[in-house]
Amino acid sequence: MAGRARGRLESWQKWSFPFSPLNSGSGDQVGWRPVRKSRRLSRFSLASGQIVACASGLAEEPGCAVELTEVRTRGQDWWTLGFEATGPADLLRSELQATAALVFAQALPGGVEPGTDESRSYAQWLGQRPSADSDAGA
């Protein structure tokens, strides 16, 4: 969205699997990081030719979800903003672009302009956060 936000587009497939929580006294296990998340989710649809908010129960319909998430890990708070378009492959880009245009129609608070330097996948972001050892000296 020129003048408001720039980011990278990625394609993901979501997997789920059973997992036992880490023991509170076990410390971090290699490759795993405890994270607390609080999500706010809104869904939009372009079905009528105009982007509109839709009921949250229509997740199987083509559309785009916007997720604003507060994340706490390693004693630090962060915010993420994500867009997830779903539906037929030929509609994904138009759903995403229409939703992003609506979300970024007004300037963000504090003059924030998200750019490609701040755009990364959730997994990449978690991997780049400082470790507990490096936090201790900060």
Side-chain angles (χ1 to χ4, degrees):
M1 305 308 317
R4 295 278 193 238
R6 297 181 61 85
R8 294 179 176 85
L9 185 63
E10 296 182 350
S11 178
W12 285 78
Q13 181 175 3
K14 194 179 291 187
W15 288 7
S16 295
F17 58 91
F19 177 73
S20 297
L22 298 174
N23 295 333
S24 59
S26 67
D28 289 348
Q29 295 181 2
V30 175
W32 293 95
R33 178 168 299 177
V35 175
R36 180 186 53 85
K37 296 185 347 179
S38 177
R39 298 172 42 197
R40 292 155 184 88
L41 187 66
S42 297
R43 287 199 43 82
F44 298 88
S45 174
L46 192 59
S48 64
Q50 181 177 345
I51 195 74
V52 293
C54 58
S56 60
L58 301 175
E60 53 281 340
E61 297 289 325
C64 187
V66 179
E67 180 179 296
L68 178 64
T69 304
E70 179 184 10
V71 180
R72 182 164 184 79
T73 184
R74 305 265 189 215
Q76 296 179 318
D77 291 317
W78 302 86
W79 287 90
T80 68
L81 176 64
F83 294 81
E84 181 180 349
T86 57
D90 61 328
L91 294 179
L92 295 178
R93 186 174 290 273
S94 60
E95 294 277 0
L96 180 64
Q97 289 175 329
T99 302
L102 179 65
V103 168
F104 293 115
Q106 297 180 20
L108 296 174
V112 173
E113 291 184 16
T116 54
D117 289 342
E118 294 85 23
S119 178
R120 59 187 55 91
S121 71
Y122 187 61
Q124 183 183 20
W125 175 81
L126 281 172
Q128 291 178 339
R129 298 289 46 107
S131 69
D133 294 338
S134 64
D135 285 348

Donor-acceptor contacts under 3.5 Å from residues 87-95 side chains, at least two apart:
{"unit_1": "Ser94", "atom_1": "OG", "unit_2": "Leu91", "atom_2": "O", "d": "3.0"}
{"unit_1": "Glu95", "atom_1": "OE1", "unit_2": "Leu46", "atom_2": "N", "d": "3.3"}

Which residues share a side chain to side chain contact (heavy atoms under 4.5 Å, CB included) with Val103, sequence neighbours left out: Val66, Phe83, Thr99
Which residues share a side chain to side chain contact (heavy atoms under 4.5 Å, CB included) with Arg39, sequence neighbours left out: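 Lys37, Leu41, Glu67, Thr69.
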Sidechain-backbone polar pair: Arg36 side chain, Arg72 backbone, donor-acceptor under 3.5 Å: no
Backbone N/O of Thr116 and side chain of Arg8: donor-acceptor pair under 3.5 Å: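 Yes: the side chain of Arg8 pairs with the backbone of Thr116.
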Closest heavy-atom pair and its distance - Arg6, Ser119: O-CB, 4.5 Å
Minimum heavy-atom distance Ser45-Pro62, with the two atoms named: OG-O, 3.8 Å
hydrophobic_cluster_shared for Val52 and Leu102, side chain cutoff 4.5 Å: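 No; Val52 is not reachable from Leu102 via cluster members.
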